[in-house]
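In what follows, chains carry the letters A, B, and so on, assigned in the order in which the sequence lines appear, proteins first and then strands, with residues in each chain numbered from 1.
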Protein chains: 2
Amino acid sequence: MTPSSAAAGVENVLRMLEGRWKLVILFHLFGGKLLRFSDLERAIPAISQKMLIQQLRQMETDGIVRRIVHHQVPPKVEYGLTDWGQSMCPALDTLLKWAAAKPD
Amino acid sequence: MTPSSAAAGVENVLRMLEGRWKLVILFHLFGGKLLRFSDLERAIPAISQKMLIQQLRQMETDGIVRRIVHHQVPPKVEYGLTDWGQSMCPALDTLLKWAAAKPD
DNA sequence: CAGAATCCGTTATGATACTG
DNA sequence: CAGTATCATAACGGATTCTG
């Protein structure tokens with residue numbers, strides 16, 4: 001594994017997690033919770049609708065988040081993590097621990 | 001630890017690693033290598049001077065990279081990782097493994 | 001050699017109003 | 001409720017030129 005190929009691998013991972021709000025959203029979904037669009041809006045007041053839907057869609061495309069549509073009126077759409085999305089927890093934990101170990 | 005505080009923690013970590021070139025630079029420095037500014041330029045031909053110095057400075061501020069100035073003419077400046085910077089390897093590895101485990 | 005300074009195009013994010 | 005559409009701005013990245 002060359003420096004650049006390894007970097008490319010991590011960069012692609014990071015790209016999936018980049019975006020001002022993705023991690024905030026993810027942390028609200030961890031634990032297998034299912035939240036409606038409006039639930040997420042309430043949980044994250046600072047986010048705009050545009051950003052919320054955009055980041056959700058990107059994570060859906062990346063296979064991290066799943067979207068569950070209940071065909072009813074009024075509409076009901078729930079968001080949750082995929083199995084793979086759930087499985088990122090340990091990785092984020094490792095990163096957090098590294099960050100927490102910062103000297104100074 | 002609330003969702004938002006945990007997210008804030010990881011977000012700060014990610015922010016330190018974000019930037020088009022940081023990981024590429026880091027991978028060149030892993031293993032305790034010391035590289036001069038011009039070495040890094042040669043190692044990463046696609047990067048501009050502006051970006052190289054900017055990302056190095058940010059990582060220096062974050063305590064990941066250290067800058068070693070040799071007072072001589074012509075100037076000689078070397079860059080390497082701090083101990084803490086070195087210690088991020090396992091965390092990146094965990095992330096890579098999660099990414100590699102992606103289904104499809 | 002190791003940068004600093006400037007200009008400029010692209011992308012990311014945000015505010016607001018509207019819709020099936 | 002769960003979005004779309006549009007417009008404006010801010011952050012980011014790159015090319016070029018200059019300097020101790």
Side-chain angles (χ1 to χ4, degrees), chain A residues 4 7-8 10-26 28-29 33-62 64-81, chain B residues 4 7-8 10-26 28-29 33-62 64-81:
Chain A
S4 37
V10 185
E11 282 209 272
N12 290 336
V13 178
L14 238 66
R15 228 169 277 292
M16 297 190 331
L17 266 23
E18 275 176 25
R20 180 79 182 73
W21 300 102
K22 283 186 184 168
L23 289 170
V24 182
I25 297 171
L26 285 179
H28 281 283
L29 295 180
K33 276 173 296 196
L34 291 182
L35 294 177
R36 301 180 63 165
F37 188 84
S38 49
D39 292 334
L40 286 168
E41 281 191 286
R42 259 186 301 280
I44 314 168
I47 198 175
S48 67
Q49 285 190 323
K50 174 184 171 182
M51 279 298 110
L52 180 53
I53 190 62
Q54 180 194 99
Q55 312 255 302
L56 282 170
R57 290 271 150 88
Q58 287 177 12
M59 293 194 288
E60 198 191 346
T61 298
D62 288 332
I64 300 172
V65 162
R66 66 206 166 101
R67 180 169 176 271
I68 302 141
V69 182
H70 303 271
H71 291 283
Q72 54 182 57
V73 187
K76 175 174 178 181
V77 178
E78 290 181 306
Y79 290 90
L81 295 181
Chain B
S4 37
V10 186
E11 281 209 274
N12 290 337
V13 179
L14 237 67
R15 229 169 276 292
M16 297 191 329
L17 267 23
E18 274 175 25
R20 179 82 182 72
W21 299 102
K22 283 185 184 169
L23 288 170
V24 182
I25 297 171
L26 285 179
H28 281 283
L29 295 179
K33 276 173 296 197
L34 291 182
L35 293 178
R36 299 179 63 165
F37 188 84
S38 49
D39 291 335
L40 286 167
E41 281 191 287
R42 258 186 301 280
I44 315 169
I47 197 175
S48 67
Q49 283 190 325
K50 176 185 171 181
M51 280 298 110
L52 180 54
I53 192 63
Q54 181 193 98
Q55 312 255 302
L56 282 170
R57 289 272 150 87
Q58 287 177 13
M59 292 195 287
E60 197 191 346
T61 298
D62 288 332
I64 300 172
V65 161
R66 67 207 165 98
R67 179 168 177 271
I68 302 142
V69 182
H70 302 271
H71 291 282
Q72 53 184 57
V73 186
K76 175 176 178 180
V77 179
E78 290 180 307
Y79 291 92
L81 295 180

Colleague: Expressed as a whole number of angstroms, how long is the span from A:Ile53:CD1 to D:dT6:P?
Modeller: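 In whole Å, D:dT6 P and A:Ile53 CD1 are 17 Å from each other.
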
Colleague: Donor-acceptor pairs are to be reported for all side-chain atoms of residues 18-26 of chain A against protein atoms at under 3.5 Å, with residues two or more places apart or in another chain.
Modeller:
{"residue": "A:Lys22", "atom": "NZ", "partner": "A:Met16", "partner atom": "O", "Å": "3.4"}
{"residue": "A:Lys22", "atom": "NZ", "partner": "A:Glu18", "partner atom": "O", "Å": "3.3"}
{"residue": "A:Lys22", "atom": "NZ", "partner": "A:Gln58", "partner atom": "OE1", "Å": "2.8"}

Colleague: Starting from C1' on D:dC12, measure out to CG on A:Leu14 and report it in whole angstrom.
Modeller: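 From A:Leu14 CG to D:dC12 C1': 16 Å.
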
Colleague: Restricting to side-chain hydrogen bond (donor to acceptor under 3.5 Å, both in side chains), what partner residues turn up for A:Arg57, sequence neighbours left out?
Modeller: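 With neighbours one apart ignored, the set is empty.
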
Colleague: Show the atom names and distances, to 0.1 Å, of all donor-acceptor pairs under 3.5 Å that link a side chain in residues 34-44 of chain A to residues at least two apart or in another chain.
Modeller:
{"residue": "A:Arg36", "atom": "NH2", "partner": "A:Pro75", "partner atom": "O", "Å": "3.3"}
{"residue": "A:Asp39", "atom": "OD1", "partner": "A:Arg42", "partner atom": "NH2", "Å": "3.3"}
{"residue": "A:Asp39", "atom": "OD2", "partner": "A:Arg36", "partner atom": "N", "Å": "2.9"}
{"residue": "A:Glu41", "atom": "OE2", "partner": "A:Gln49", "partner atom": "NE2", "Å": "3.3"}

Colleague: Whole angstroms only, please: what is the CD-C1' distance between B:Gln58 and D:dC12?
Modeller: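 In whole Å, D:dC12 C1' lies 10 Å from B:Gln58 CD.
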
Colleague: In residues 35-45 of chain B, what residues come within less than 4.0 Å of DNA chain C, judged by heavy atoms?
Modeller: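 The stretch gives B:Arg36, B:Phe37, B:Ser38 as the residues lying under 4.0 Å from the strand, ordered by number.
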
Colleague: Quick one: label A:Gln55 by what it contacts on the DNA or RNA (base, sugar-phosphate, nothing), any heavy atom closer than 4.0 Å.
Modeller: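 Counting heavy atoms under 4.0 Å across all strands, the contact made by A:Gln55 is with sugar-phosphate only.
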
Colleague: Let me have a per-nucleotide readout for nucleotides 15-20 of chain D, 5' to 3', with B, S or -, counting only protein heavy atoms under 4.0 Å.
Modeller: B----B

Colleague: Over how many whole Å does the gap from A:Met51 atom CE to D:dA11 atom C1' extend?
Modeller: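 Atom-to-atom, A:Met51 to D:dA11, this comes out as 13 Å.
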
Colleague: Find the bend of the helix from C:dC1-D:dG20 to C:dG20-D:dC1 as the angle between its two terminal axes (five pairs each), to the nearest 10°.
Modeller: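 The end axes of the helix from C:dC1-D:dG20 to C:dG20-D:dC1 are about 50° apart, to the nearest 10°.
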
Colleague: Whole Å only: how far is the CG atom of A:Leu56 from the P atom of D:dG3?
Modeller: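 It is 8 Å, rounded to the nearest whole Å.
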
Colleague: Can you tell me if A:Arg67 touches the phosphate of D:dA2, counting only side-chain N or O atoms and a distance under 4.0 Å to OP1 or OP2?
Modeller: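 So the side-chain polar atoms of A:Arg67 never come under 4.0 Å of the phosphate oxygens OP1 or OP2 of D:dA2.
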
Colleague: Just how far, in rounded Å, is P of D:dG13 from CD1 of B:Ile47?
Modeller: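 About 10 Å, once rounded to whole Å.
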
Colleague: Tell me: NE2 of A:His71 to P of D:dC1, nearest whole Å?
Modeller: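 Nearest whole value for this atom pair: 19 Å.
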
Colleague: OG1/A:Thr61 to CE/A:Met59 distance, rounded to the nearest 0.5 angstrom?
Modeller: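 A:Thr61 atom OG1 to A:Met59 atom CE measures 10.5 Å (nearest 0.5 Å).
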
Colleague: Which nucleotide of DNA chain C is the first, and which the last, in the 5' to 3' direction, to come under 4.0 Å of a heavy atom belonging to chain A?
Modeller: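 Listing 5' to 3', DNA chain C meets chain A from C:dT13 to C:dG20.
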
Colleague: Show me the donor-acceptor pairs, under 3.5 Å and distance only, between side chains in residues 64-73 of chain B and residues at least two apart or in other chains.
Modeller:
{"residue": "B:Arg66", "atom": "NE", "partner": "B:Leu81", "partner atom": "O", "Å": "2.8"}
{"residue": "B:Arg67", "atom": "NE", "partner": "B:Tyr79", "partner atom": "OH", "Å": "3.3"}
{"residue": "B:His70", "atom": "NE2", "partner": "B:Glu78", "partner atom": "OE1", "Å": "2.8"}

